[in-house]
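Taking it in order: structure first as structure tokens, then the write-up.
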Amino acid sequence: MPELSWKKSSFSGGDDGQACLELALGADDIRHLRESDDPSTIVTTTVPKLRALILGAKAGEFDHLV
């Protein structure tokens with residue numbers, strides 16, 4: 001895997017900046033996600049699937065899992 005450039009949200013504050021999600025752009029339609037406190041675990045997905053996950057989370061579709 002080529003070197004990825006990881007980006008954090010500007011909202012990632014507190015907790016010394018270690019409790020946040022990072023995103024890296026891959027080739028074509030691929031996106032990579034990882035937690036800053038466990039950077040060795042990387043989730044790879046596509047833009048449409050990531051969009052569906054984000055929209056579902058914003059709509060509360062996963063609230064019952066908490």
Side-chain angles (χ1 to χ4, degrees):
M1 179 181 294
E3 185 69 28
L4 296 172
S5 178
W6 294 96
K7 306 291 182 196
K8 281 188 209 182
S9 167
S10 60
F11 293 101
S12 298
D15 296 338
D16 70 10
Q18 293 301 310
C20 57
L21 190 65
E22 298 176 333
L23 176 71
L25 306 179
D28 300 320
D29 203 25
I30 303 299
R31 299 300 179 258
H32 306 279
L33 301 137
R34 69 180 184 183
E35 290 188 53
S36 54
D37 62 347
D38 185 12
S40 63
T41 301
I42 298 172
V43 175
T44 301
T45 189
T46 62
V47 171
K49 289 179 181 180
L50 180 58
R51 181 180 298 117
L53 174 68
I54 292 169
L55 291 173
K58 286 183 175 184
E61 292 179 21
F62 310 110
D63 290 355
H64 67 283
L65 300 173
V66 179

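Listed by chain and number, the residues in a side-chain contact (heavy atoms from CB on, under 4.5 Å) with Ile30 are His32, Thr44, Thr46 (sequence neighbours excluded).
With rounding to the nearest 0.5 angstrom, the CD atom of Glu22 is 5.0 Å from the OG atom of Ser36. Note that OG of Ser40 and CD of Glu35 are 10.5 Å apart. Values are rounded to the nearest 0.5 Å.
Clustering ILVMFWY residues whenever any of their side-chain heavy atoms sit less than 4.5 angstrom apart, transitively, puts Ile54 in the very cluster that holds Leu21.
Side-chain N or O atoms of Thr45 include none that pairs as donor or acceptor with a backbone N or O of Arg31 at under 3.5 Å.
Under the side-chain contact (heavy atoms from CB on, under 4.5 Å) test applied with Leu33, the options Leu50, Ile42, Leu53 reduce to a single match, Leu50.
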